[in-house]
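A quick write-up on the structure given underneath.
One-based numbering, in listed order, for ligands and for the atoms of each. Just the heavy atoms: all of them, side chains too, but no hydrogens, waters or symmetry mates, feed the values below. Just so it is clear, the structure is predicted and the values come from calculations on it, not from any experiment.
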Amino acid sequence: MPSRMGSRSVTWSRLAPLTIVGVAAACGLGAATGGGGGAAGTASTAPAPAASWFEPRSGGLTTTFRDGPEVFGLPTRNGGTYESITFADGKELFNGSLAGRGLGPTFNAESCLACHLGHGGGTVPGGDGPDLSGGPLVTPGLLVRLSIPGAGPHGEPLDDPVYGGQIQDRAVPGAAALPEAAVEVRWAEVTGTYGDGTPYRLRRPTVTLAGLALGPLAPGSMTSPRLAPPVIGMGLLEAVPDDVVVAAADPDDANHDGISGRPNWVWDRGREERALGRFGWKAGQPNVDQQTEGALLGDLGVTSQLYPAADGSTELSITQAYPLIFYTKALAVPAARNTTDPVARRGAEQFAGAGCASCHTTTFTTGPAVISSMAEQVIHPYTDLLLHDMGPDLADGRPEYEASGTEWRTPPLWGLGRRKEVSGVLVLLHDGRARSIEEAILWHGGEGEAARQRFVAMPRQDRDALLAFLGSL
Ligand code: HEC
Ligand code: HEC
């Protein structure tokens, strides 16, 4: 029986650590020996860093080595002429307003870029600042998914009969439809203390829908606030073979490491079959095509082939949507920086030691890919693409296909250190509650609780090293 540990040993090539904490050795690092139960900071002998440690190419040969605020908007490095023309056409659609190209009547934003700031993440009221007053959405980076109890024929969430699967908080001026509601976020402070006595402050959101235009939500309605995540490296994540992702799952926690990642199985509308979910905070979409066309309809009110109007008509034909889909797949991952910096390297040991890599899988090799330059690449996305129970604090209580109300897909961490520069703001986690990488770690619960506790127990120097490592990605 393939255990999680066995399947992980092949993926652990980038960051073979010098120091391994006992607990983590038992859960994430297949190659390491040593049993469980060690407290944070307990070292055991371990292999020296592999040569791949120094490998900054997070996206394999497609990695871009450029820097600056535009770095998430660049094409994969090794594409051809056809690719660059299609990319340029797609860029226009991603960055520009879809007003006049089918936008609305109700929608959340006029363009993809309005939510995916600089092709990175979105923002929330209050951004990443200390002000906790919150308020209505100013920038459209957060949306509210909606469903009623039960599931459709393919296991999909059931739409609210009036409002559909998502609240659209804007409407085209002069159109018959009104904005469905105003989305408002209120923050409450939560405080805690690190093991060394340093206090920390977190904020917890309450998201409300004010002025519902079409009357109250259906009884039993479930809502889920979702922050726009970065859109780099999508084609690479799509090209990680299904069987590799599924082999790393450990739904019954057979290896007793407290971590039981499992795949989401969702509906592929194009192929009309069940497929492995990969995209979205609960891995509810199987591929970039469906994710993109779903965003066109849900976020912008634009119909296309996979999500047509009730009469079957579309506002963007497949020929028109194709460059946008291509563009979204082809956005490159920037290189990791400071990979030889001793502090960042020590931070990688902390990452390993705290068990972060049990979910934030460091390395995959892609299989065949629609964009041929993305095939057979050794990539370092820091996600296992699996669902994990993250505990009650992060729960939204709204299932999506097989993902429960407490489960979330491990988000990729590549590009993490660039996100503030790219988007002008850094808010993390599915609802944007974390204002820093540190805060994001401190919210980990459920299967991530042990890793959080190891982080809290670290002396400041080790915490800083871990953050330096994450900032190098
Ligand atoms: C209203 C804000 C908003 C707009 C506009 C928007 N997105 Fe998104 N995007 C999101 C959110 C929120 C998610 C996460 C969805 C979920 O969890 O189901 C997401 C997820 C994605 C993902 C998957 C990322 C991942 O890591 O899984 C891709 C790709 C994407 N969007 C592309 C697009 C494209 C292309 C457009 C334009 C057609 C677009 N988005 C427009 C908010 C937005
Ligand atoms: C049990 C699996 C698991 C473990 C172990 C784990 N994470 Fe996570 N991590 C997740 C999931 C799932 C999320 C998303 C949770 C959410 O949004 O509600 C996440 C979110 C994050 C984020 C925010 C990313 C973003 O784009 O919003 C960071 C940063 C992060 N983790 C770092 C770490 C570090 C560092 C460790 C080790 C101390 C760690 N994680 C351990 C599963 C895990």
Legend entry - Contact check: Arg278 vs ligand 1, nitrogen or oxygen atoms, below 3.5 angstrom: no
Legend entry - Numbered atoms and elements of ligand 1 in range of Leu227, under 4.0 angstrom, heavy atoms: 11 (C), 12 (C)
Legend entry - Side-chain touch Thr366/Met374, heavy atoms, less than 4.5 angstrom: no
Inset, instruction - Report yes or no: does Arg419 contribute a side-chain atom to a donor-acceptor pair with the main-chain N or O of Pro230 at less than 3.5 Å? - result: no
Legend entry - Side-chain donor-acceptor contact under 3.5 Å, Arg398 with Ser147: yes
Legend entry - atom 3 (C) of ligand 2: nearest protein contact (heavy atom, Å): Cys359 SG, 2.7 Å
Inset, instruction - Provide, to 0.1 Å, the distance between atom 34 (C) of ligand 1 and the closest protein heavy atom, together with that atom's residue and name. - result: Cys112 SG, 3.5 Å
Inset, instruction - Would you mind running through ligand 2 and noting each atom that sits below 4.0 Å from a heavy atom of Gly448? - result: 1 (C)
Legend entry - Ligand-residue contact atoms, ligand 1 with Val231, heavy atoms, under 4.0 Å: 28 (C), 29 (C), 30 (C), 32 (C)
Inset, instruction - Starting from atom 40 (N) of ligand 1, locate the nearest protein heavy atom and write down its residue, its atom name and how far away it is, to 0.1 Å. - result: His116 NE2, 2.9 Å
Inset, instruction - Return yes or no for this condition: an N or O of Trp281 is under 3.5 Å from an N or O of ligand 1. - result: yes
Inset, instruction - Mark up the atoms of ligand 2 that fall under 4.0 Å of a heavy atom belonging to Leu394, in ascending order. - result: 18 (O)
Legend entry - Which residue and heavy atom of the protein sit nearest atom 33 (C) of ligand 2, plus the separation: His360 NE2, 3.5 Å
Legend entry - contact_flag Val288 ligand 1 heavy-atom lt 4.0 Å: no
Legend entry - Passing candidate, side-chain contact (heavy atoms from CB on, under 4.5 Å) with Trp408, options Asp396, Leu429, Leu387: Asp396
Inset, instruction - Report the nearest protein non-hydrogen atom to atom 21 (C) of ligand 2: residue, atom name, distance rounded to 0.1 Å. - result: His444 CE1, 3.4 Å
Legend entry - Side-chain donor/acceptor of Asp128 to backbone N/O of Leu426, under 3.5 Å: yes
Inset, instruction - With the side chain counted from C-beta on, respond yes when Pro125 and Leu137 share a heavy-atom pair under 4.5 Å apart, and no when they do not. - result: yes
Legend entry - Non-hydrogen side-chain atoms of Ser358 and Glu447 separated by less than 4.5 Å: no
Legend entry - Atom indices of ligand 1, in the order listed, that fall short of 4.0 Å to a heavy atom of Ala295: 36 (C), 39 (C), 40 (N), 41 (C)
Legend entry - Nearest option to atom 27 (O) of ligand 1, as decided by whichever heavy atom of Ser111, Gly280, Pro412 sits closest: Gly280
Legend entry - Pro140: numbered ligand 1 atoms lying under 4.0 Å from its heavy atoms: 1 (C), 2 (C)
Inset, instruction - Give the residue, atom name and distance (to 0.1 Å) of the protein heavy atom nearest atom 25 (C) of ligand 2. - result: Leu428 CD2, 3.6 Å
Legend entry - Nearest protein heavy atom with distance in Å, relative to atom 26 (O) of ligand 1: Arg409 NH2, 3.2 Å
Inset, instruction - Considering the heavy atoms of Ile441, write down every atom of ligand 2 situated less than 4.0 Å from one of them. - result: 35 (C), 38 (C)
Legend entry - atom 14 (C) of ligand 2 [closest protein heavy-atom partner, distance rounded to 0.1 Å]: Pro411 CD, 3.4 Å
Legend entry - Side-chain heavy atoms of Ile437 within contact of Leu466, under 4.5 Å: no
Legend entry - Side chains of Asp242 and Val244 in contact at under 4.5 Å (non-hydrogen atoms): no
Inset, instruction - Using only heavy-atom distances, determine whether the side chains of Gln166 and Asn108 contain a donor-acceptor pair under 3.5 Å. - result: yes
Legend entry - Distance filter under 4.0 Å to Asn108 heavy atoms, resulting ligand 1 atoms: 1 (C)
Legend entry - Element-labelled atoms of ligand 1 that are located less than 4.0 Å from some non-hydrogen atom of Ala109: 5 (C)
Inset, instruction - Do me a favour and list the nearest non-hydrogen protein atom to atom 18 (O) of ligand 2 with residue, atom name and distance? - result: His430 ND1, 2.7 Å
Legend entry - Sub-3.5 Å N/O-N/O distance, Asp299 and ligand 1: yes
Inset, instruction - Please work out which of the three classes, parallel, tilted or perpendicular, describes the rings of Tyr382 and Phe351, given edges at 30° and 60°. - result: perpendicular
Legend entry - Validation row: His119, Leu74 side chains within 4.5 angstrom (heavy atoms): no
Legend entry - Closest protein heavy atom (residue, atom, distance) for atom 20 (C) of ligand 1: Gln291 NE2, 3.4 Å
Inset, instruction - Looking only at distances, please establish whether an N/O atom of ligand 1 is found under 3.5 Å from an N/O atom of Arg226. - result: yes
Legend entry - Contact with ligand 2 for Arg419, non-hydrogen, under 4.0 angstrom: yes
Legend entry - Heavy-atom side-chain contact between His444 and Met390 under 4.5 Å: yes
Inset, instruction - Considering the heavy atoms of Leu470, write down every atom of ligand 2 situated less than 4.0 Å from one of them. - result: 35 (C)
Legend entry - Leu296: numbered ligand 1 atoms lying under 4.0 Å from its heavy atoms: 38 (C)
Legend entry - Minimum-distance protein heavy atom relative to atom 42 (C) of ligand 1: Ala228 CB, 3.5 Å
Legend entry - Ser224 and Arg226: side chain donor to acceptor below 3.5 Å: yes
Inset, instruction - Can you sort out which atoms of ligand 2 are near Glu447, meaning under 4.0 Å from one of its heavy atoms? - result: 1 (C)
Inset, instruction - Give the single entry among Gly355, Pro230, Cys356 that approaches atom 36 (C) of ligand 2 most closely by any heavy atom. - result: Cys356
Inset, instruction - Decide whether the shortest distance between a heavy atom of Pro229 and an atom of ligand 1 is less than 4.0 Å. - result: yes
Legend entry - Which residue and heavy atom of the protein sit nearest atom 15 (C) of ligand 1, plus the separation: Arg145 NH2, 3.4 Å
Inset, instruction - Tell me which protein heavy atom sits closest to atom 28 (C) of ligand 2, plus the residue, atom name and distance to 0.1 Å. - result: Leu413 CD2, 3.7 Å
Legend entry - Asp393 side chain reached by Arg204 side chain, heavy atoms, under 4.5 Å: yes
Legend entry - Shortest protein heavy-atom distance from atom 1 (C) of ligand 1, along with the residue and atom involved: Cys115 SG, 2.7 Å
Legend entry - Protein contact to atom 23 (C) of ligand 2 [nearest heavy atom, distance to 0.1 Å]: Ala440 CB, 3.8 Å
